[in-house]
Every structure is written in structure tokens, then in C-alpha cells.
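Read through the structure below, which is laid out as C-alpha cells, and then see the notes.
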Amino acid sequence: MIILENLGKQFGPVWAVQDLTLTVPPGELFCFLGPNGAGKTTTIKMACGLLRPTAGTARVAGGDPAADQAVRAAIGYIPDQPFLYERLTAAEFFQFVGDIYRLPPERIRRERAELFELFGLQPAAQTMIGELSHGFRQRLIYAATLLHQPQVLFVDEPFIGLDPYTIRLLRELLRARARAGMTIFLTTHILALVEGLADRVGILSDGRLAALGTVDELRARAGGAGALEDIFLGLTRADAN
């Protein structure tokens, strides 16, 4: 579902991502890890078609996300700092997103009822977004992103600033969506959550893929013991410094 081949992105003299090759099959929940500045967000933006690669190719859902409108329609993307229109209510924003995707009004109403119930957004439906807490904003952006039922979901730092209840809700939601066939590609710095969440893990260091595999496979390569945090620090310490 996601195929990155020799992918690279250069900004001036600096290569943010270099020679990145990996494949994510349908229904996999893939966690992409790395220190700040390692190239994770740049990779996601290339995979979503928001940045054109300097080298290599990115193919998602069978096509080029930078050139194919049908491919972009199959993608959902939640950045680390989502933009929401603060002068709209939660319900109005949800309707706005549905209109962008040209979804039938009845489907928008049905999805709103289901997703607002799932995320506990009903009490805030008529509240202006500018008045919502960070947690409610995050729940709203998830609801709106899932509205068109994307085949592939990219999520950049999904758990920043969230309370334990919302973190658990999102973990269970992401696992359920992956089991139902959605391909999920996410980044996070909360390594303790990854071990019970990811089907596979990729670790990026200085723009290059330093390790790829299941948590157990990565642990075996590191000698068969240790937490994911220890493996991560061992592979990226120089990058972080």
C-alpha cells in the first residue's frame, strides 16, 4: 500500500531524507521512529504528495500522491499541529470536510453521528473550535480525517499533549482500523506505546533507515534483551547529539 524506493529530499546542501526504501502492506500499523530532525515528517509529506522528492519515488494506494487526485483522496493525513478553523463549530468543521470530499449529505450526517459518539464529541458539536481544549481538537481532527474512510492514514505524533483516556481511545481506534484493513503509518516519541501498538517499526537516523522489523526482531538483533527505548537510543544516539 505504501512503497518508498530510494526516496530522498534535499533542502539546499542538506539531505533531510536519503536513499529510503521500505514497503508497508495493506492493513499494517507501521511506526516510524527517530529523533527530532531525523526526517520523519519530511518522509510523511513526500508520501502524502505535499513535498516532491529530490530523488526516488513514493507510491501510495497504487499511484503517485503528488500527481494523482484519486490517490490523494485515498489518503488521510494528521500533522503534528493540525489546522482547524477556529470560527467554525465542531459540527460545521466536520460538514466542511465532508463537502471538500463531495460526500453525500446523508453519509456526512451518518458518519458524524457515529464518529462524534465514538470520540465523545457530541457535547461539543455546537461549540466554536477556538473554545475547545487541545484534547477535543485532537479528537475532532481524527473524526474529520476518518470521515471519508481513507485507505491509508498518516499520523505525525498522534499522542502529543493528550490525557491517558484519549491516548487509550486512539490506540484502540488505530488497532481496530488496522485490523479492518486500513494501512496506518505513524510517528511518535512515546516509545512505551509502540511495543503494544506497532506491527513493524522503522527507525530513522540522520535521514537514513537504521533498522526495520518487528519489535521482537529488533530486540533479537540487539542481543535478545532490552526495551525498545534502549534499542532506539543505541541506533540514534549520534544523531540526537
Side-chain angles (χ1 to χ4, degrees), residues 1-4 7 17 20 22-51 58 60-61 65 71-84 93-94 97 101 111 115 118-121 134-204 212 215 228 232:
M1 188 60 70
I2 302 170
I3 302 173
L4 310 180
L7 196 65
V17 177
L20 175 61
L22 64 87
T23 300
V24 181
E28 181 168 273
L29 202 162
F30 183 84
C31 285
F32 203 41
L33 310 179
N36 289 332
K40 304 184 301 298
T41 296
T42 299
T43 298
I44 285 181
K45 287 184 175 180
M46 287 190 287
C48 290
L50 297 174
L51 283 176
V60 177
V71 171
R72 289 197 294 273
I75 291 173
Y77 171 48
I78 302 176
D80 57 343
Q81 295 182 344
F83 175 81
L84 298 123
F93 180 78
F94 192 84
V97 173
Y101 284 101
E111 294 289 344
L115 290 168
L118 174 65
F119 287 103
L121 286 166
H134 174 73
F136 270 98
R137 286 170 177 245
Q138 288 294 95
R139 295 184 195 188
L140 177 58
I141 199 66
Y142 269 89
T145 303
L146 294 173
L147 168 57
H148 72 290
Q149 298 179 358
Q151 297 178 45
V152 184
L153 177 64
F154 292 94
V155 192
D156 198 353
E157 293 294 342
F159 307 118
I160 291 177
L162 297 180
D163 61 86
Y165 173 82
T166 305
I167 289 175
R168 181 174 183 178
L169 172 67
L170 292 180
R171 286 185 63 192
E172 292 176 352
L173 169 75
L174 293 171
R175 284 294 342 153
R177 294 290 169 140
R179 287 194 297 269
M182 182 182 290
T183 305
I184 300 174
F185 188 111
L186 67 84
T187 74
T188 181
H189 287 302
I190 308 178
L191 301 182
L193 296 176
V194 173
E195 296 198 40
L197 182 66
D199 293 313
R200 283 192 307 152
V201 174
I203 298 178
L204 201 64
L212 177 66
V215 172
L228 179 61
F232 173 84

Legend entry - Nearest-0.5 Å distance that lies between atom CD in Gln138 and atom CG in Leu169: 12.0 Å

Keeping the roles fixed (side chain from [X], backbone from [Y]), state whether a donor-acceptor pair exists under 3.5 Å.
X	Y	result
Lys45	Lys40	no
Thr183	Gly27	yes
Glu195	Leu228	yes

Locate the shortest heavy-atom distance separating [X] from [Y]; write the atom from each residue and the value.
X	Y	result
Ala47	Val60	O-CG2, 3.3 Å
Gly39	Leu204	C-CD2, 3.5 Å
Ala61	Gln151	CB-OE1, 4.2 Å

Inset, instruction - Among residues two or more places apart or on two chains, list those pairs meeting ring-ring contact (aromatic ring centres under 6.0 Å, His included) that have a residue in residues 139-177. - result: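 Applying ring-ring contact (aromatic ring centres under 6.0 Å, His included) to every pair that reaches into residues 139-177, excluding sequence neighbours, yields Tyr101-His148, Phe154-Phe185.
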
Inset, instruction - Measure the shortest side-chain to side-chain distance between Leu153 and Arg177 over non-hydrogen atoms and say whether it is less than 4.5 angstrom. - result: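 Leu153 vs Arg177: side chains apart.
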
Inset, instruction - State, with a plain yes or no, whether a side-chain heavy atom of Phe30 is found less than 4.5 Å away from one of Leu22. - result: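 SC-SC contact between Phe30 and Leu22 confirmed.
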
Inset, instruction - Give a yes or no on whether a salt bridge exists between Asp199 and Arg175, defined as a side-chain N under 4.0 angstrom from a carboxylate O. - result: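 A salt bridge links Asp199 with Arg175.
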
Inset, instruction - Mind jotting down which residue pairs meet the salt bridge (charged side-chain N to carboxylate O under 4.0 Å, His left out) criterion with at least one end in residues 23-33? Sequence neighbours excluded, please. - result: Glu28-Arg200

Legend entry - Pair Gln81-Glu157, side-chain donor/acceptor within less than 3.5 Å: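 Glu157 and Gln81 do not have a side-chain donor-acceptor pair below 3.5 Å.
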
Legend entry - Sole residue of Leu186, Ile184, Thr188 in side-chain contact (heavy atoms from CB on, under 4.5 Å) with Leu197: Leu186

